[in-house]
Protein chains: 2
Amino acid sequence: MARQDKRENIVLSAMTLIAEHGFHGASMSMIAEKAGVGIGTIYRYFESRDALIRTMYKEKEDRLVTLLLADYPIERPVRECFFHIGTGVIDYFIHNPLDFRYTEQFHNSPYGVEHRRNRIFASADKPDIFIDLYERGTAQQVIRDMPMVVFFNLAFAPIIWTIRDHVLGFLNLDALLSRKLVESCWDSVKI
Amino acid sequence: MARQDKRENIVLSAMTLIAEHGFHGASMSMIAEKAGVGIGTIYRYFESRDALIRTMYKEKEDRLVTLLLADYPIERPVRECFFHIGTGVIDYFIHNPLDFRYTEQFHNSPYGVEHRRNRIFASADKPDIFIDLYERGTAQQVIRDMPMVVFFNLAFAPIIWTIRDHVLGFLNLDALLSRKLVESCWDSVKI
DNA sequence: GTAAACAGAATGAACGTTCATTCCTATTGA
DNA sequence: TCAATAGGAATGAACGTTCATTCTGTTTAC
């Protein structure tokens, strides 16, 4: 097995196990077995279990952001950017349910609290399309007056929860319903 | 220590530890030590760790539902009932942050998926103010046409996420902001 | 030939649970 | 009134298991 394949196998196995059974249903030996490598091999690619978990998250997050930025209509109205992000997030996660479930596991764990804290309090240093959206919306008075965190929650919490229900098989989030959902979210933040 | 106090100490210790450090930061020995009882004593009150976790959740959920039902304006318009539930949930959790964090841990775990599945698929048997709200709203055409699960997500996901941010100290969810938040949620589901 | 890559047995810490023992309190008998 | 007794509540050391990580001998690639 080639070196790159080996790393990918490890990541895919870890992602699958954690996505389906949580962090505690994915021991290093289970990950190794599923990946078809020895336990020790994992430690040649990742310093520790912790590093594996964080690196995988970082890679997935970067991938989503890159995708969203690829055709981001930065010059267009706030509303259009809002829809771009909303439908983009849904599209990405519907087609990558494993990524979604892994991301959820990550967010709903001590890792997530730490990640969120950094996101909220130490975000001024690098550009961020979400923050840009909030600031432009506020400046142009197209979105209501509320803290950024609340805007973010109104905009994305229903989307994330509904993707979760789709991924778990509780409903079918098709294109029509996606549009309705994002529209509803927009209606909750627009003036 | 009286028998009832002992049980309460165990529940409070378990709640606190799980709320603050997750299920895995709350071993039976830690719970016992914090409660000032022997490990074995816990097993006199709860059949297993699993039973302890489920019983505590059930008790907290029942308490919230009882509180919401106490002065529920069942005869009033859907919109008013919606606000009653929304602000009621916020009030309860703001004043019981430990309950909130415990409930969050529970929902974001395999217990939560199971709980959600039961809630969605096996709910017709007993009356539920949330379902009642959706059905009345749909029948009277005051809320948009969408699956119940999506309605539920639009209505409560931003509220839950914002309570979380308040409890974690990321913002201050006061009375004014609460009202704004619930109004925004209503705007996302109303016709 | 040799150095890097690899596999999986070994290790020790931590876990939930058990159970033989101790402790406490209510009841009995005189 | 009070010692003796009984019964169940309480205890925590011990058990078996599981885990992340390390160690060691083997294989691979050049």
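Just so we're clear, the structure is a prediction, and the values are computed from it rather than from any experiment. Chain letters run A, B, ... following the sequence lines, proteins first and then strands; every chain starts at 1.
Between A/Phe130 and A/Phe156, the distance from one ring center to the other falls under 6.0 angstrom.
Between B/His107 and B/His115, the ring planes are tilted. Angles from 30° to 60° get that label. Taking the six-membered ring where tryptophan is involved, the planes of B/Phe106 and B/Tyr111 are essentially parallel, since the angle between them stays under 30° and well short of 60°.
Residue B/Val37 places its side chain closer to D/dT11 than to any other of D/dA13, D/dA20, D/dT11. Considering only side-chain atoms of A/Arg44, the nucleotide from C/dG16, D/dA10, C/dC6 that sits closest is C/dC6.
We find that CZ of B/Arg54 is positioned 15 Å from P of C/dG16, with the value rounded to whole Å. One interatomic measurement links the two molecules: CE of B/Met30 to P of C/dA14, which rounds to 11 Å at whole-angstrom precision. Here the C1' atom of nucleotide D/dT24 and the OH atom of A/Tyr43 are 17 Å apart, to the nearest Å. Put simply, CZ on B/Phe46 is 16 Å from P on C/dT18, counting in whole angstrom units. Distance, B/Arg49 CZ to C/dT18 P: 14 Å, rounded to whole Å. The CD1 atom of A/Ile39 sits 14 Å away from the P atom of D/dT18 (whole-angstrom rounding).
The shortest distance between the side-chain N/O atoms of A/Tyr45 and the OP1/OP2 oxygens of C/dC6 is below 4.0 Å. Side-chain N/O atoms of B/Lys6 include one lying less than 4.0 angstrom from OP1 or OP2 on D/dA10.
For the atom pair A/Leu12 CG and A/Arg7 CZ, the distance stands at 12.5 Å (nearest 0.5 Å).
Residue contacts for A/Ser27: at a heavy-atom cut-off of 4.0 Å it reaches the sugar-phosphate backbone alone, with no base atom in range.
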